[in-house]
Amino acid sequence: MTRIALINPNWDFGGSIYFGCRSPHLPLELGISAHYLKAAGHRTLLLDAHMFDLSFGDIEAELRAFGPDLIVITTAPTYLFWRCAPPELRVPQELALAMRDLAPTLVAVGPHGSTTPRAALRKLAVDIVVMGECEASLLRLANGQRDFPGLCFAEGVSVRVNGGPQAVDFRDQPVLDWPDEMIRRHHHHHHRFEADPVGLGAEVEASRGCPYNCTFCAKENFRNTYRKRPPAVILDEIDRLRGQGVEYVYFIDEIFLPTPELLDGLSTRGLKFGVQTRIDLWKPDMLALLGRAGCVSIEAGIESLTVEGRAALAKNCRMTTDQLADRLVEARRHVPFVQANLIEVPEDEDPVVQRWRSKMQNAGIWANDPVPLYPYPGSPDYRKLWGEADDSAWERAHRHYLGMFDQFSDVQNDRPVPLEALEHPVAS
């Protein structure tokens, strides 16, 4: 039996380019890992420092009482944000340093180590970096294995990268059972705008990965191949959450696709939920079912308003811009909040974009001011610019991004600063 502590850091995004949500969410990768570890007989401690606002002293006290053999730290705030993580490692760096002497083995999981394992190992000063989806690899580490694909670690004076990023089956992922005290603190309703929260919120994963390969999406090293869980299992998990007082769920799926059996089941449960999807994949009758099922929020990836722009992003979209607009309006008939996501691309002229945004807003649909494109390491966009990601990939992408744009999006809170100013320096 191994004693393993799983820690979600207490995130601070000051100065970051990060445009994901900054509220606490369920740390799904750690919750899933905890389920498998406990089922295998390992003692497991899940510490969500973000949800519980834990200081280093609080975390240290918990760890000293628990006595872990392995400490696991994630470098992104939940699986929902692995594809758009904060580029900087400052927060997990500080946590790893503070916890360094509290267990024989320190392990990092997350998008940074999945894409640039050597750099993550060096910056975090951990013993092992897990590449790819982490739940199966953490179980193997707890079982005492060390020599298997998907790990990066120091070997003498050199660094060994064993294989590449790993993926799990996911389709057999069982019902998750979150601690009551964690759910009681989850007041945030992710991407909900049509009403103020009354009950508690949660996140659920119905599917993982995406069948599309858009150039901006950094999913190649994790959450890539599309897989989905059986609707009955998802509904059982939601029933448990309902029993804990949850009134709203956000499906973290990269692309929430029409699944009649799941939507029919949701329609009988009195739940509100939000999704992110592609509106061109939803026919009017399925949008009506989505609304009846309880959906109150759709985040739809439109990205570009021109055929040329969508082609440059490899969207593989068969609809025209007018057809996409009509489908958004149809969605708004059934769902009270619909958002059209736009990315800043050279093919889209700003006056055209602003007119389209006004047209959508007049129809009750929120369309963001286009977001500057961050060439995340592990995305096709990064590879087109510089080739495969190396140990300096994050610094290179960050400098490029900061130098390209004079103005940032309305979904970013303040002016980002250079990566070197955000991370703690380490020896080369």
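Below, all heavy atoms of this structure are taken into account, side chains as well, without hydrogens, waters or symmetry copies.
- Heavy-atom contacts from other residues, nucleotides or ligands closer than 6.0 Å to CZ of R146 number more than 12.
- With hydrogens and angles left out, the side-chain atoms of T74 and N8 include no donor and acceptor closer than 3.5 Å.
- Side-chain N/O atoms of T2 and D69 include no donor and acceptor closer than 3.5 Å.
- Between H191 and Y250, the two ring planes are tilted [angle within 30° to 60°].
- No donor-acceptor contact under 3.5 angstrom links the side chains of T105 and D127, judged on distance only.
- Each of K123, R90, R122 was evaluated against E423; a single residue qualifies, K123, per the salt bridge (charged side-chain N to carboxylate O under 4.0 Å, His left out) test.
- Under the 3.5 Å distance criterion, with hydrogens and angles disregarded, a donor-acceptor pair is assigned to the side chains of D180 and Q244.
- With 3.5 Å as the limit, one finds no donor-acceptor pair spanning the side chains of N341 and E303.
- Crowding of D285 atom CG: a count of heavy atoms from other residues, nucleotides or ligands under 6.0 Å exceeding 12.
- Remark: of the listed residues R229, K228, R223, R227, R223 is the sole one forming a salt bridge (charged side-chain N to carboxylate O under 4.0 Å, His left out) with E205.
- Of the N and O atoms on the side chains of D253 and S207, at least one donor lies less than 3.5 Å from an acceptor on the other residue.
- For the 3.5 Å distance criterion, the side chains of R396 and Y382 qualify, holding a donor opposite an acceptor.
- Because its NZ or CZ atom is not both nearer than 6.0 Å to the ring centre of F337 and within 45° of the ring axis, R192 does not count as a cation-pi partner of that residue.
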